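Reviewing the structure listed below.
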Amino acid sequence: MDIYARIRQDHDRFRDLLHRLCDGKDQPADRRAALFDALKREVWLHSKVEELVFYSPLMEQRRSRGETLEGIAEHHVAERLLDELDGIPKDGEAWMSKLSVLKENLDHHMQEEEKEIFDSARKILSDEQARTMAGDFDRRKKLGLQALTP
């Protein structure tokens, strides 16, 4: 597996969680809270590891720097929305509206990353580098999950 497939794997998990949250308007608040907690943890950890493992080498290249900076900014926006959602009761209209904004933001980011940033990265990274990055991504994410688990 290379870094592109590994990142896409996480993106698919986010899409699934967002779908379950957005389509589960009538689900109990505790179920919604559990799904949201999983999404928040996954997105936060993914963003940090992705910036460290994948974005760092792209930042060093002038031709991919702008896209990479935009990707990092989009991570920060998503993290901010997650924090705001965390402070709102999960059974109200305000929470569902803000969740919709988060979904739109993440959908845009993932689509842009999977097209534009991946295309740029393929011109910069060798296939071997991309495979090595996937292993590093997994190791760092596993360590992060262990640190976040009580």
Side-chain angles (χ1 to χ4, degrees), residues 1-24 32-88 90 93-150:
M1 178 179 299
D2 63 19
I3 191 65
Y4 314 109
R6 182 59 193 86
I7 290 171
R8 198 171 284 118
Q9 190 177 59
D10 276 5
H11 288 178
D12 289 344
R13 171 92 170 121
F14 304 157
R15 288 179 181 108
D16 177 60
L17 287 167
L18 285 163
H19 173 76
R20 290 164 57 196
L21 279 163
C22 290
D23 287 354
R32 186 177 301 144
L35 288 170
F36 175 73
D37 287 345
L39 178 68
K40 183 178 177 185
R41 183 181 58 250
E42 289 280 336
V43 168
W44 184 85
L45 186 55
H46 170 89
S47 296
K48 300 305 177 207
V49 173
E50 183 177 68
E51 288 172 18
L52 184 64
V53 173
F54 183 59
Y55 282 7
S56 287
L58 299 179
M59 287 287 289
E60 296 171 8
Q61 301 292 319
R62 191 171 60 83
R63 61 184 168 185
S64 59
R65 187 171 175 77
E67 291 171 335
T68 305
L69 287 170
E70 183 179 338
I72 291 169
E74 289 173 350
H75 285 175
H76 292 252
V77 169
E79 290 167 10
R80 179 70 185 253
L81 287 168
L82 287 163
D83 287 343
E84 290 176 15
L85 280 160
D86 210 19
I88 300 173
K90 291 166 185 53
E93 285 183 49
W95 194 85
M96 290 303 295
S97 293
K98 194 167 289 268
L99 178 67
S100 178
V101 171
L102 174 67
K103 183 181 182 309
E104 289 173 15
N105 177 274
L106 285 175
D107 283 343
H108 166 81
H109 171 73
M110 291 183 292
Q111 184 177 30
E112 197 169 76
E113 189 171 73
E114 290 173 4
K115 302 276 185 208
E116 297 170 24
I117 295 177
F118 283 10
D119 286 348
S120 292
R122 283 186 174 97
K123 295 173 185 168
I124 294 166
L125 304 171
S126 69
D127 291 345
E128 183 178 333
Q129 286 174 306
R131 284 189 300 274
T132 300
M133 280 181 171
D136 192 26
F137 188 96
D138 280 335
R139 280 188 296 282
R140 290 176 185 269
K141 191 165 179 200
K142 184 177 180 179
L143 287 171
L145 283 173
Q146 289 171 351
L148 292 174
T149 304

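Computed from a predicted model, the values in this text were never measured in an experiment.
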Problem - Aromatic ring pairing Phe118/Phe54, orientation class (parallel under 30°, perpendicular over 60°, tilted between) - result: perpendicular

Completion exercise
The complete set of salt bridge (charged side-chain N to carboxylate O under 4.0 Å, His left out) pairs with one or both residues in residues 39-55, sequence neighbours excluded, reads Lys40-Asp83, Lys40-Asp86, Glu42-Lys141, Lys48-Glu79

Practice task
Kindly give the heavy-atom pair with the smallest separation between Gln129 and Leu125, and that separation in Å.
Solution key: OE1-CA, 3.3 Å

Handout entry: Nearest heavy-atom neighbours spanning Leu58 and Ser64
Key = O-OG, 2.6 Å

If you define the side chain from C-beta out and look only at heavy atoms, does anything of [X] sit under 4.5 Å from [Y]?
X     : Y      : value
Leu99 : Cys22  : yes
Glu84 : Arg80  : yes
Met1  : Arg8   : no
Arg63 : Ile124 : yes

Practice task
Please determine if Asp119 and Lys115 form a salt bridge, counting it only when a charged side-chain N lies under 4.0 Å from a carboxylate O.
Solution key: no

Those residues that, when tested against [X], pass side chain to side chain donor-acceptor pair (under 3.5 Å) (two or more places apart):
X      : value
Ser120 : Glu67
Gln9   : Arg6
Lys142 : none

At what distance, to the nearest 0.5 angstrom, does [atom1] of [X] lie from [atom2] of [Y]?
X      : Y     : atom1 : atom2 : value
Glu74  : Ser47 : CD    : OG    : 10.5 Å
Leu106 : Leu81 : CG    : CG    : 8.0 Å
Ile72  : Ser56 : CD1   : OG    : 7.5 Å
Met133 : Asp2  : CE    : CG    : 10.5 Å
Lys103 : Leu39 : NZ    : CG    : 11.5 Å
Arg13  : Leu18 : CZ    : CG    : 10.5 Å

Handout entry: ring-ring contact (aromatic ring centres under 6.0 Å, His included) partners of His109, counting only residues at least two apart
Key = His75

Exercise for the section: Identify, with sequence neighbours excluded, every residue that meets ring-ring contact (aromatic ring centres under 6.0 Å, His included) alongside Trp95. Expected result: Phe36

Exercise for the section: Given side-chain contact (heavy atoms from CB on, under 4.5 Å), test His46 with Phe137 step by step and report yes or no. Expected result: CA-CA 9 Å; His46 170 89; Phe137 188 96; 3.5 Å; yes

Practice task
Any chance you could lay out the side-chain contact (heavy atoms from CB on, under 4.5 Å) test for Ile117 and Glu112, step after step, and finish with the verdict?
Solution key: CA-CA 7 Å; Ile117 295 177; Glu112 197 169 76; 5.7 Å; no

